[in-house]
Asks: 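Dropping a structure here in structure tokens format, bear with me for questions.
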Protein chains: 2
Amino acid sequence: MTQAVRHDSMRARNLGVVLGEVRRSGPITRAALAEITGLTKTTVSKMVGDLIDAGMVTESGALRDGERGRPGTAVTLSGERVAALGLEINVDYLSACVVDLTLSVRLRYTQAVDNRTASPVETLAHLQKLFHKAVDEARSEGLSIAGSTLAVPGPVDGGRLHSAPNLGWHDVRVGELLNFPAAVDNEANLAALGELWFGSGPGDFLHVSGEIGIGAGLVVGGALFRGARGLAGELGHVIVSPEGPSCRCGGRGCLEQYAGQEALLRAAGLGGGPAGIPELLERLHAGETRALEACACAGQALGIALTSAIHLTDPGTIVLGGIFAPLFPWIRDPVHETMTARLAMMRHAVPELTVSRLGGDAATLGAAGQVIHRVIADPWTHVVTGRTGPGPR
Amino acid sequence: MTQAVRHDSMRARNLGVVLGEVRRSGPITRAALAEITGLTKTTVSKMVGDLIDAGMVTESGALRDGERGRPGTAVTLSGERVAALGLEINVDYLSACVVDLTLSVRLRYTQAVDNRTASPVETLAHLQKLFHKAVDEARSEGLSIAGSTLAVPGPVDGGRLHSAPNLGWHDVRVGELLNFPAAVDNEANLAALGELWFGSGPGDFLHVSGEIGIGAGLVVGGALFRGARGLAGELGHVIVSPEGPSCRCGGRGCLEQYAGQEALLRAAGLGGGPAGIPELLERLHAGETRALEACACAGQALGIALTSAIHLTDPGTIVLGGIFAPLFPWIRDPVHETMTARLAMMRHAVPELTVSRLGGDAATLGAAGQVIHRVIADPWTHVVTGRTGPGPR
DNA sequence: CCGATTTAATCCACTTTATGGACTTAATAT
DNA sequence: ATATTAAGTCCATAAAGTGGATTAAATCGG
């Protein structure tokens, strides 16, 4: 149910509207904010004052635009006080980053841990150390961490990680095992949000994260689509060919069996050993036929799965990330041709096919960005608790 | 951007919250409304008064629940004043229905028109007559039509119908051709909403409308998912087998080629003639092998497409409607078995598979229901303009 | 059968928040 | 130097919800 609005929540929401507009429109004067939001100059002035007190906004000098009349003083987001922490569990390392309100990355950490051999509890203990280190160091820079989110490589439903094949984890209640406050979410979802906020991401796109599994995050109207239980976006198990090779999910012919990291390396003649994507890239650059053909096949399969995804979810753009980012030059054409051929008559415009500009950090950034976005949408608590000293009696 | 809240919009929203709660919780006292919404009794009382004045709510007698203390007077939605009109263009007839605020169907119309031979303009002229007839007759019953929505059999993007194969329409700007005020939406989308509001529909489901084409409407959290351009839900073109028969969409192996009405009838040996679903049902009841096998094959194909859809969109339930409703006894098992086998390892619970309780009216009902839902979510304008006579000066 | 208790609904003084016009400030134009 | 224009602040007012007091209408207990 939509919640009822009272005086305090009216103010809370309007604060969010004003702060959101400051974020959206860069340096902007109070007068312009009033115009855009529809609030009066008085109201906006008061709110901007509160936001400045809370350290979320700063005056960034006079905005002289050549027009006559008194020039306005522009305000911008301030990265000096509020920050958020993004965490990620990868196969062989943990990573963390601290991002401030302006979405600038302030601190980054990685710590090598072989999470395939470690138990969930061990891994999470390592993660806790990383958490405290990051929080302490952020504090020493004057930043206060408004919240944190943890990215895990598999579908999450209410803090519970269903399965993470590349960690060997199955049905782990991560939320309950954490000894520090953090939200838990799927790496593919958060990578999509990372692309939205830190990449060139437009407002509507399907972000494909190719790893050992293949996940996807669907962003529509600037918000992530999660489905009924938060398990949406399992692109890796969309059926490419109903009688294809069987998959660990129980099905047959899933995309993962054609374009997952393992399948791809095997097709390129690199399976079975410790060989990885770097080797594949070398061979591609060397023009080795087997590697090129492996990419072409994977691209076609991806194109087929994406065609189904487009018909079902109608994304504006497709963004390829994860292992597909470095492979983009070799898979772009087969993916694009497959999609174009199969979508030809149904739509005026086939979704654009682009590549992620973010590296392996996409999920960590998205995790931190999610917290920042929540703060910007609802700065109320931070404004109130952010007051210095006891308020007027 | 989220809009700023001012005093009037605060009141508008709270009116919507109160009215929405009246709808949700049946006959309910003012005190209970206050408890649930978090507003004070004073505020709720004032709002209920306004809603009664506007004819949207009535007192429905004392609510004596055996407890001691003064019994409350319950209020319910009133179907006496506000209503909505749903319209639908089918292959060989037009239909309309008037639904009141309580979602009771008050008037129904159908008019035989062969829309395959008629041009869009001719069809819409017929529709206009139907519109006025419905509005006039509703008015004579004391109902005022708050709005209307038109269901068309194909994907719609901003009032523009991309293609409606069973009408032979292509790229028709329906919104601009209408000489009366109505929103235009895809029949599959509206059928899903019909199921949500008039059927047994739970809050999260994928509604499959099998017709000549196969569409789907995805409802998550009580809201329809439309994708970036409103073209989501084209289940009929999800790829079942990449090298399958070619489809009018330009692709190959689309679901429609296996489970669409034409493919199904052809497989059952009924193709080429005027034979239809009734004949197929006769043969199924007679136990004819060819018909049974056709259903089994269609069911398997549907199961494969739904498996992909489930991985991508994670619906809580699958509701089969359209031609799949009467065929349900014969396709249920193949669909269910295919889905279960292929989803086994990925989720604890495979989505439930149910059948639509609504007949061919689903879309018309959804169309009218959409208007009603908008009125309930935002009753403000109706409360203000609904006042009888000049207000107190 | 009557008073005590309990809950519903209304009344009224008050608080919170936004409004809108007046006022001050700081630029450009003439 | 003065007029004009726009930004930002001040202040009295309006709109809406709050919370406690009051009235109303039941059940419970003796």
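Here the structure is a predicted model, which is why all the values come from computation and not from measurement. Just so we're on the same page: letters track the sequence lines, and every chain starts at 1.
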Asks: Could you tell me how the ring of A:H132 sits relative to the ring of A:F180: parallel (under 30°), tilted (30 to 60°) or perpendicular (over 60°)?
Replies: perpendicular
Asks: Atom CG of B:L33 and atom CG of B:L39: how far apart are they, to the nearest 0.5 Å?
Replies: 9.5 Å
Asks: I need the full list of salt bridge (charged side-chain N to carboxylate O under 4.0 Å, His left out) pairs touching residues 28-38 of chain A, with sequence neighbours left out, sorted by first then second residue.
Replies: A:R30-A:E59
Asks: Both A:L15 and B:T29 contact DNA chain C. Which one's nearest nucleotide lies toward the 5' end?
Replies: B:T29
Asks: Can you find a donor-acceptor pair, distance only, under 3.5 Å between A:R70 side chain and D:dA7 base?
Replies: yes
Asks: With a 4.5 Å cut-off on side-chain heavy atoms, are B:V57 and B:V18 touching?
Replies: no
Asks: Would you check if A:L143 and A:R106 make a side-chain contact, meaning some heavy-atom pair closer than 4.5 Å?
Replies: yes
Asks: Treat primed atoms plus P, OP1 and OP2 as sugar-phosphate and everything else as base, then score nucleotides 13-21 of chain D 5' to 3': B for base contact with protein heavy atoms under 4.0 Å, S for sugar-phosphate contact only, - for none.
Replies: --BBBBBB-
Asks: Expressed in angstrom and rounded to an integer, what is the separation of A:R13 atom CZ from C:dA18 atom C1'?
Replies: 16 Å
Asks: I'd like to know if A:R68 reaches the base of D:dT4 with its side chain, counting only an N/O donor and acceptor under 3.5 Å.
Replies: no
Asks: How are the rings of A:F225 and B:F225 set relative to one another: parallel (under 30°), tilted (30 to 60°) or perpendicular (over 60°)?
Replies: tilted
Asks: Please report the distance, rounded to the nearest Å, between CD in B:E35 and P in C:dA8.
Replies: 9 Å
